[in-house]
Amino acid sequence: MLTIRKYVMAESLSQAYDLYQNKNNTIIGGMLWLKMQDRTVDTAIDLSNLGLNTIEETENTYEIGAMVTLRDLELHSGLNTLTGNAFTACVKPIVGVQFRNLATVGGSVYGRYGFSDLLTLLLAMNADVVLYKNGIVNIHDFVKMPYTRDIVVKVIVSKNNGNVYYTSFRNTKTDFPVLTCCVYHHDNHTGACIGARPGKALDFVMNEEETVTDYANRIHESCPFGSNMRSSASYRGKLCRNLTEYAIRQLQKGESSC
Amino acid sequence: MLITITLNGKKITEEVTADSLLIDFVRHHKCFSVKRGCETSNCGLCTVLLDGKPVLSCSLLTCRVNGHSVQTLEGLQEEAKEFVGFIANQGAEQCGFCNPGMVVNTIALLREYPDPSDEDIRQFLSGNLCRCSGYESQLRGIRAYLDFRKGDAA
């Protein structure tokens, strides 16, 4: 059971950061994962009033605030036009509308969860994560960073990296994914990010001389998969090969993710 | 913490603890349609509308709702009355435990998609688990209401 002794609606990022330096305090994003934990939090820090719930469009990017909800991503016309509905395809299977109206981008990104659909997509889009103290960090570096007491302020996706196709496989709708797969083609190279292995998503770049089938087979052989209650490692491997090949062919045909 | 919440149109100012959940707050104010089901943010039984958007009240701190408007089924009777008979006619309520959450979320669905496809309905209500109906009777009930409404408008 989660016990919270004190609640603070932060008035500035600076105040939130200072409070967060105490290891007994925590930042609440959507609070959906936090609520599942059995712990006592001294001060819960809420970022809801800091204007981080907007998606700003600039000339070359979309800047997604940490308190933007997954439902906001699902419905955002700019992001979905850019990515062929990959954002919708990515978040739509996550539990239900009520859940996605609470779950935040900041919570999903900071957690760097292995099962994260969103992390898989953001890795494929080579997004940048803006941290309050550490500044801009590329998401590929961010996923390898230790869990420091910094605050995710926003995520930046480039308009040049929108050529993606997202797909995932679930045993039942709304469950955690058995495997997530997002393929991309930008900066003259093609690749695939594979998540829910069940570990964090990994990026595999396709070699120029490789056929799609050879590439999918290579990922199947080289990507580390694990077993859990949803699937065996062996099943994930076979699924990965098929999803990758399918997704690349869909991307090549210019199909939308959904 | 002293908070003010507009619950079903009525302003309530009250002292709440830091870890009070919205579900406990609304039930304390006699909104017993809001049920605690899974405790893992999955079942949708505790659905309420927060500023018009469906959310899980079991996963939301009451403090966070300070200054906002919350509606439960008790405050949505007029809107619900239009279609719940169609759902009942299909035998889709059965034990009835999941019904209030499903009805509140259906209200949100119909506000957002006035003429939803079957896939829209399935997708929007996918976060409302029901262990009796198998979902098809719920879908038939909503579809029957939409068809009736279209016929009425024609």
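Given the structure is predicted, the values throughout are model-derived calculations rather than measurements. Residue numbers start from 1 in every chain, and the chains themselves are labelled A, B, ... in the order their sequence lines are given, proteins ahead of strands.
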What closest approach, in Å, do [X] and [Y] show between heavy atoms, and which atom pair accounts for it?
| X | Y | value |
| --- | --- | --- |
| B/Tyr113 | A/Leu75 | OH-CD2, 4.4 Å |
| B/Met1 | A/Tyr7 | SD-CD2, 3.5 Å |
| A/Ile28 | B/Leu61 | CD1-CD1, 3.6 Å |
| B/Thr40 | A/Lys35 | N-NZ, 4.2 Å |

### Task
Select, from A/Val41, A/Thr174, A/Val95, the one with the greatest count of heavy-atom pairs under 4.5 Å involving chain B.
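Highest number of pairs under 4.5 Å: A/Val95.
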
### Max heavy-atom pair count under 4.5 Å with chain B, selected residue of A/Arg71, A/Arg100, A/Met9, A/Lys173
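Of A/Arg71, A/Arg100, A/Met9, A/Lys173, A/Arg71 has the most heavy-atom pairs under 4.5 Å with chain B.
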
Is there a side-chain contact between [X] and [Y], using heavy atoms and a 4.5 Å cut-off?
| X | Y | result |
| --- | --- | --- |
| A/Met31 | B/Leu60 | no |
| A/Leu102 | B/Ser59 | yes |
| B/Lys53 | A/Thr69 | no |

### Task
Output the option from B/Ala108, B/Ser126, B/Cys63 having the highest count of non-hydrogen pairs under 4.5 Å with chain A.
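Among B/Ala108, B/Ser126, B/Cys63, the one with the most close pairs to chain A is B/Cys63.
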
### Query
Side chain, backbone, both or neither: which part of B/Leu21 has a heavy atom under 4.5 Å from chain A?
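Only the side chain of B/Leu21 comes within 4.5 Å of chain A.
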
### Task
Sort B/Asn105 into side chain, backbone, both or neither according to what part of it lies under 4.5 angstrom from a heavy atom of chain A.
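Contact with chain A involves the side chain of B/Asn105 alone.
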
### Message
Given heavy-atom pairs under 4.5 angstrom as the criterion, report whether the side chain, backbone, both or neither of A/Leu34 touches chain B.
### Response
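No part of A/Leu34 comes within 4.5 Å of chain B.
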
### Message
Does atom CD (A/Gln21) have a neighbourhood of more than 12 heavy atoms from anything else shown, all under 6.0 Å?
### Response
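Buried by this count: over 12 neighbours within 6.0 Å.
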
### Task
Ignoring hydrogens and angles, tell me if any N or O in the side chain of A/Asn101 forms a donor-acceptor pair with the backbone of B/Pro54 under 3.5 Å.
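A pair under 3.5 Å: yes.
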
### Query
Does B/Cys46 offer a backbone N or O that forms a donor-acceptor pair with the side chain of A/Gln98 under 3.5 Å?
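No; judged by distance alone, with no hydrogens or angles, the pair does not exist.
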
### Task
Find the distance between CZ (A/Arg5) and CG (B/Asp19) and round it off to the nearest 0.5 Å.
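Here the interatomic distance stands at 10.0 Å.
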
### From B/His68 atom NE2 to A/Ser48 atom OG, the distance as rounded to the nearest 0.5 Å
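If we round to the nearest 0.5 Å, B/His68:NE2 and A/Ser48:OG are 7.5 Å apart.
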
